[in-house]
**Student:** 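Structure in structure tokens, see below.
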Number of protein chains: 2
Amino acid sequence: MGTCGVDALSIAALARQVGLVPSGIYRHFKSKNDVLDATLDLIGEKLFENVKLVQKKTSDSAEQLRMLLKLHIKLISVNRAIPHIVFSESIYSGSSYRKNSVRNIITGYIGEIEKIVLKGQKSGSLRKEVDPKTTALMFMGIILPAVIVWKLTDGAFDLVRHSEDAWLLFKTAILTDQ
Amino acid sequence: MGTCGVDALSIAALARQVGLVPSGIYRHFKSKNDVLDATLDLIGEKLFENVKLVQKKTSDSAEQLRMLLKLHIKLISVNRAIPHIVFSESIYSGSSYRKNSVRNIITGYIGEIEKIVLKGQKSGSLRKEVDPKTTALMFMGIILPAVIVWKLTDGAFDLVRHSEDAWLLFKTAILTDQ
DNA sequence: CTACAATGTGAATAGAGATTCACATCACAG
DNA sequence: CTGTGATGTGAATCTCTATTCACATTGTAG
């Protein structure tokens, strides 16, 4: 697979990070694909952990979303390679069965957000006019463009601040009028 | 630059598309970097064309945004490689002066959207409480996650329909109450 | 202690993609 | 017609990564 060695994703770079020599990686993983798959699994787990967490903390849908937003941003801030792996890596691979893993993770995550929205609509705290799926995607839209700008400016953009501002905007759109 | 040959971005693939042999590309471009730079310029131009276009069509800010959304989606639908080039390619390159080009294009585009929002706020048609930049980023957020899902599902996701639904949601958040 | 499994290493191999180069064609100005 | 510049081609080269392999080292169960 002489392909796509965006430096951060090369076996050599990984080895360096871990304090090994490239060939050493192969004592722990069968191939680079293996490494990526494992990483992806890990990312998936973390995302769903966050969902579980907010569900435990509160039962108010809007509040759950707000917390999830915060957790998501923290997750990405700490593990800056996540967008790396999830996006640039596999979205564009044409085939690759890892594209499927990514799709499952993302649609799964969005599905969880949908459920939260749906519950909010049933309880009457969220507007019923909008499609939960649309809402869920828009929710992701609070973060994604911001992360891109954040990446492009090498962290100079204030992700947290943006997320707070954007949340207010989003809230306006989804909450029922009191 | 033996790096990152996500197939669609390889010189070989480009050559094939154009009906040439790889080496033939070098009669027209000095290097792969040259090709990417030229492509990026083209993308930048198209984005700004769209902005100009909507400004010519109407002076109502919200309407301008709605049209821009439509045009943006059409642009991406037709030139499916745009997210490819703009995102996966350079965002993660670490250094690379192309990252700068991408940043300029994106922040420029967002800047234009900001101006539209600002004008709308001054004219009273858009809420004054939200930061124009936040609004502009959220606007991009209507499209970005959707494009990703669209890519991941190989076009099975209905981008246009989503954009219409999401626009309604977005509109609710930015329009002043009548 | 000792044999065995796990782990780490450097050198060697293999394959992919970018780039170069010497050699055809081809269009066309003179 | 003829020579020159633009354009296209295949083979060869270069570089970068992944991957393998034979050989230490080490930790540990017996």
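Letters A, B, ... are given to chains in the order of the sequence lines, protein chains preceding strands, and every chain is numbered from 1.
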**Student:** May I ask you to decide if the ring planes of Phe170(B) and Phe139(B) are parallel, tilted or perpendicular, using 30° and 60° as cut-offs?
**Tutor:**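 Answer is tilted, since the angle falls between 30° and 60°.
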**Student:** Rounded to whole Å, please give me the gap between CD1 in Ile11(A) and C1' in dA18(D).
**Tutor:**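 Answer to the nearest Å: 7 Å.
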**Student:** Salt bridge check: are Lys115(B) and Glu112(B) linked by an N-O gap of less than 4.0 Å?
**Tutor:**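 Here Lys115(B) pairs with Glu112(B) in a salt bridge, since their nearest N and O are under 4.0 Å apart.
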**Student:** dG8(D) C1' sits how many Å from Phe29(B) CZ, rounded?
**Tutor:**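 For the pair Phe29(B) CZ and dG8(D) C1', the rounded distance is 15 Å.
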**Student:** Can you classify the ring geometry of Phe157(A) versus His162(A) as parallel (below 30°), tilted (30 to 60°) or perpendicular (above 60°)?
**Tutor:**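 Ring orientation of Phe157(A) relative to His162(A): tilted.
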**Student:** Send over the distance from Ile25(A) CD1 to dA18(D) P, rounded to a whole Å.
**Tutor:**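 Nearest whole value for this atom pair: 10 Å.
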**Student:** Please pick, from dG10(C), dT9(D), dT7(C), the nucleotide with the shortest atom-to-atom distance to any side-chain atom of Val21(B).
**Tutor:**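 Closest nucleotide to the Val21(B) side chain: dT9(D).
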**Student:** How many Å lie between CG on Leu36(B) and C1' on dA18(C), as a whole number?
**Tutor:**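 Distance check: Leu36(B) CG to dA18(C) C1' gives 12 Å.
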**Student:** Could you check how far CZ of Arg16(A) sits from P of dG8(C), rounded to whole Å?
**Tutor:**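 Computing the Arg16(A):CZ to dG8(C):P distance gives 17 Å.
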**Student:** Nearest to the side chain of Leu20(B), which nucleotide is it out of dT19(C), dT17(D), dG8(D)?
**Tutor:**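 The answer is dG8(D).
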**Student:** Treating Ile, Leu, Val, Met, Phe, Trp and Tyr as nodes and any side-chain heavy-atom pair under 4.5 angstrom as an edge, say whether Leu175(B) and Leu65(B) lie in one connected cluster.
**Tutor:**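 Cluster IDs for Leu175(B) and Leu65(B) match.
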**Student:** Between protein and nucleotides 20-25 of chain C, what N or O pairs are separated by less than 3.5 Å?
**Tutor:**
from	atom 1	to	atom 2	distance (Å)
dA22(C)	N6	Arg27(B)	NH2	3.4

**Student:** How many whole angstroms separate atom CG of Leu9(A) from atom C1' of dT17(D)?
**Tutor:**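 Nearest whole value for this atom pair: 13 Å.
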**Student:** Which nucleotide in the set dA18(D), dA18(C), dG8(C) lies at the smallest distance from any side-chain heavy atom of His28(A)?
**Tutor:**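 Nearest nucleotide to the side chain: dG8(C).
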**Student:** Would you call Glu63(A)-Arg66(A) a salt bridge at under 4.0 Å N-O?
**Tutor:**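 A salt bridge is present here (some side-chain N lies under 4.0 Å from a carboxylate O).
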**Student:** Between atom CG in Asp34(A) and atom P in dT17(D), what is the gap in whole Å?
**Tutor:**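 Distance check: Asp34(A) CG to dT17(D) P gives 21 Å.
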**Student:** Could you please spell out the steps behind the ring pair (Phe, Tyr, Trp, His ring centres under 6.0 Å) verdict for His72(B) and Tyr109(B)?
**Tutor:** CA-CA 11 Å; His72(B) 193 108; Tyr109(B) 190 56; 5.5 Å; yes
